K.L.:
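I'd like to ask some things about the structure below.
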Amino acid sequence: MEKKWWKESVIYQIYPRSFNDSNGDGIGDLRGIIEKVDYLHDLGVDIIWLSPVFSSPNDDNGYDIADYRNIMTEFGTMNDLDELLKTLHDKGMKLLMDLVVNHTSDEHDWFEKSRASKDNPYRDYYFWKPGKDGGPPNNWKSFFGGSAWELDEKTGEYYLHLFTKKQPDLNWENPKVKEEVFDVVKFWLDKGVDGFRMDVIPLISKRLEFADADFSNFNKAIEEVYSNGPRVHEFLQDLYTQVLSKYDMMTVGEGPGITKEVANLYVGKDRGELSMIFHFGHMFMDHGDEGKFDTVKEVTLTDFKKVFREWDEAIGEDGWINIFLDNHDFPRAVSRWGNDKKYRIPSAKLLANLILTMRGTPCIYQGSEIGMTNVAFDNIEDYRDVETHNFYKEWIEKGKSHDEFMKILHIQGRDNVRTPIQWDDTEHAGFTTGTPWLKVNPNYNNINVKSALEKKNSIYYHYQKMLLYRKEHPTLIFGAFQEVGQDHQDLFSYYRYDENGLYFIIHNMSEKAYEIPKMSDLKELQLDISNYKVKPEDKLTLKPWESRIYRRV
Ligand code: ISL
Ligand code: CA
């Protein structure tokens, strides 16, 4: 297995708006992050991925960029960014920026020019089409509800937006667009950042026939209509050869629509494209045909394990993936995959063990290290996410029930993970002295960083211990992954092994107690880690949500 620093590292994702507010305006900011670098360094993470911090009207919280070379006013200044970068580098940590180049904001200068007239030189920076039969050019749907086309009165044509109508899609077919994007990438690498998380990167090459398509299953449509377009590999290889390859950096592509079958075309080691991807196998698993805001499907542990097993096989020795259980778009890991009530603490620790012992670069989303949970606000007005409000509007227009929507929202909504970080038990969880842009989760009295740092058995210290353990046991990084007992409904168990060692990892992802399965080699294995205190009489019994790591000695 080829060794790379970005395989050995662990990523921590910061959603800046919700991380830490330094000046009392209710919005997290760069100075707020600088104040917490020691906290992150003590935790033991290596790389910070910053969700977008560029100038933006915030229709989609910064995923709508108006200027790639400037910092969003609410977040601070370029000096703050430089200082953050230096502070991280001084501690041996690295910084990834979020590169959102499938689309810009409609307030980006390019789009303002593009919409001005049909013959403006910037017209072809985006996709413009005349309507068809008094409606949009085709039946494509936006990720956030409604048509993917918006009529612009000024010129009477429609522009393409796969996300909100304030996020027009860039036309990568235009060589000037490519050049502009490559310049932006160069600008940031020259500044010294260590790489990028690339937003919806498989979507940048469009199927130019713009044919009507089958949207009866939205996630299938992402795969077949939006993702993996005909020139995506050419674009990525050009980006790599012309820019990325000249720097010691890493990229992680956000991969909605990248299937196991095509994954190594993006991350195969000789492809010259991306270092790794986030795949969405487990993220989309409980979606209905309409996507996230549809009946939430029942997911079994065997389905969940299958996703990891099959991805591991598909990637093999050639490629590399990221291992994550949540991010700013999906529910809190402990609420979704663990148990956020009685077993919140052990299950959050179990999930830490899981992401830190699978094969791939782990990514920890902010707040997981203290076991933050989903939130359930009663009023739709308390939600901020544009996705939530768009789908709510559609839902109500269809005459469906408000209560039913709220139920799904409490499970799937993106604001579940966007509530401010709970630093302590003072007002607004110590996140801000002002009014937070999104309410804090009312459970902050009980769940917060201050109390986690005071208790030596906290989730925080478990993460810290595990981050160190992973570093000290490189087999967990580079070794092969071999699952056992794949049909078991509650236990997830696997070996990691190579010429340097062998590890047996077993997670009980249920509230039942289980006997450790009889294994011939158990005698040779030493128990290194458990999320419980294991008394001699419990040696062979797994408690609810217990997770153990054994090592051959
Ligand atoms: O959360 C989703 C839809 O319900 C995902 O499909 C998500 O939209 C998709 O993974 C793309 O996400 C990324 O691009 C979006 C942005 O809103 C997300 O925050 C970002 O992670 C548009 O830039
Ligand atoms: Ca602020």
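Order of appearance sets the numbers: ligands from 1, and atoms from 1 within every ligand. For clarity, every value in this text was computed on a predicted model and none was experimentally measured.
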K.L.:
So, 3.0 Å as the limit: is an N/O/S atom of Asp29 located closer than that to the Ca ion (ligand 2)?
P.N.:
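Checking the Ca ion (ligand 2) against Asp29, an N, O or S atom does fall under 3.0 Å.
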K.L.:
Would you mind telling me which of Val375, Asn441, Val417 makes a side-chain contact (heavy atoms from CB on, under 4.5 Å) with Arg332?
P.N.:
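Of the listed options, the one satisfying the test is Val417.
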K.L.:
Can you report which non-hydrogen protein atom sits closest to atom 10 (O) of ligand 1, along with the distance?
P.N.:
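For atom 10 (O) of ligand 1, the nearest protein heavy atom is Glu254 OE2, 2.8 Å.
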K.L.:
Is there a side-chain contact between Asp312 and Met358 in this structure, where contact means two heavy atoms from C-beta onward sitting under 4.5 Å apart?
P.N.:
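No. Closest side-chain heavy atoms not under 4.5 Å.
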K.L.:
Give a yes or no answer on whether the side chain of Asp212 reaches the backbone of Asn139 with a donor-acceptor pair at less than 3.5 Å.
P.N.:
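Between the backbone of Asn139 and the side chain of Asp212 there is a qualifying donor-acceptor contact (under 3.5 Å).
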K.L.:
Looking only at protein heavy atoms, identify the closest one to atom 5 (C) of ligand 1 and say how far it is in Å.
P.N.:
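That would be Phe330 CZ, 4.1 Å.
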K.L.:
Of all the heavy atoms in Arg197, does at least one lie under 4.0 Å from an atom in ligand 1?
P.N.:
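It does; at least one heavy atom falls under 4.0 Å.
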K.L.:
Can you list the atoms of ligand 1 that are under 4.0 Å from a heavy atom of His103?
P.N.:
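Here the atoms of ligand 1 in question are 22 (C), 23 (O).
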K.L.:
Hey, is Asp60 touching ligand 1 through its side chain, its backbone, both or neither, going by heavy atoms under 4.0 Å?
P.N.:
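For Asp60, only side-chain atoms sit under 4.0 Å from ligand 1.
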K.L.:
Check Asp21 and report its N/O/S atom nearest to the Ca ion (ligand 2), by atom name.
P.N.:
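This residue's closest N, O or S atom turns out to be OD1.
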K.L.:
Taking the Ca ion (ligand 2) as the vertex, how big is the angle to O in Ile27 and OD1 in Asp25, rounded to 10°?
P.N.:
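Taking the Ca ion (ligand 2) as the apex, the two atoms subtend 90°.
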K.L.:
Who's closest to atom 1 (O) of ligand 1 heavy-atom-wise, of Met283, Lys292, Gln167, His287?
P.N.:
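The option holding the nearest heavy atom is Lys292.
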K.L.:
Give the residue, atom name and distance (to 0.1 Å) of the protein heavy atom nearest atom 7 (C) of ligand 1.
P.N.:
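Residue, atom and distance for the closest contact: Asp329 OD2, 4.0 Å.
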K.L.:
Please confirm whether Arg414 comes under 4.0 Å of ligand 1, counting heavy atoms of the residue only.
P.N.:
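Right, Arg414 reaches ligand 1.
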K.L.:
Please list, in number order, the atoms of ligand 1 under 4.0 Å from a heavy atom of Phe144.
P.N.:
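Those of ligand 1 that fall under 4.0 Å from Phe144 are 17 (O).
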K.L.:
Which ligand 1 atoms, with their elements, are less than 4.0 angstrom from a heavy-atom of Phe143?
P.N.:
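So the answer, numbered in order with elements, is 6 (O), 8 (O).
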K.L.:
Considering non-hydrogen atoms of the protein only, which is the closest contact for atom 13 (C) of ligand 1, and what is the distance?
P.N.:
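Scanning the protein heavy atoms, the shortest distance from atom 13 (C) of ligand 1 goes to Asp199 OD1, 2.9 Å.
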K.L.:
Return the residue, atom name and 0.1 Å-rounded distance of the protein heavy atom closest to atom 3 (C) of ligand 1.
P.N.:
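Answer, as residue, atom name and distance: Glu387 OE2, 3.1 Å.
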K.L.:
Report, in ascending order of atom number, the atoms of ligand 1 lying under 4.0 Å from any heavy atom of Val200.
P.N.:
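Listed by number with element: 11 (C), 14 (O).
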K.L.:
Looking only at heavy atoms, which two atoms of Asn339 and Ser347 are closest? And how far apart?
P.N.:
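The pair with the smallest heavy-atom distance is N-OG, 3.0 Å.
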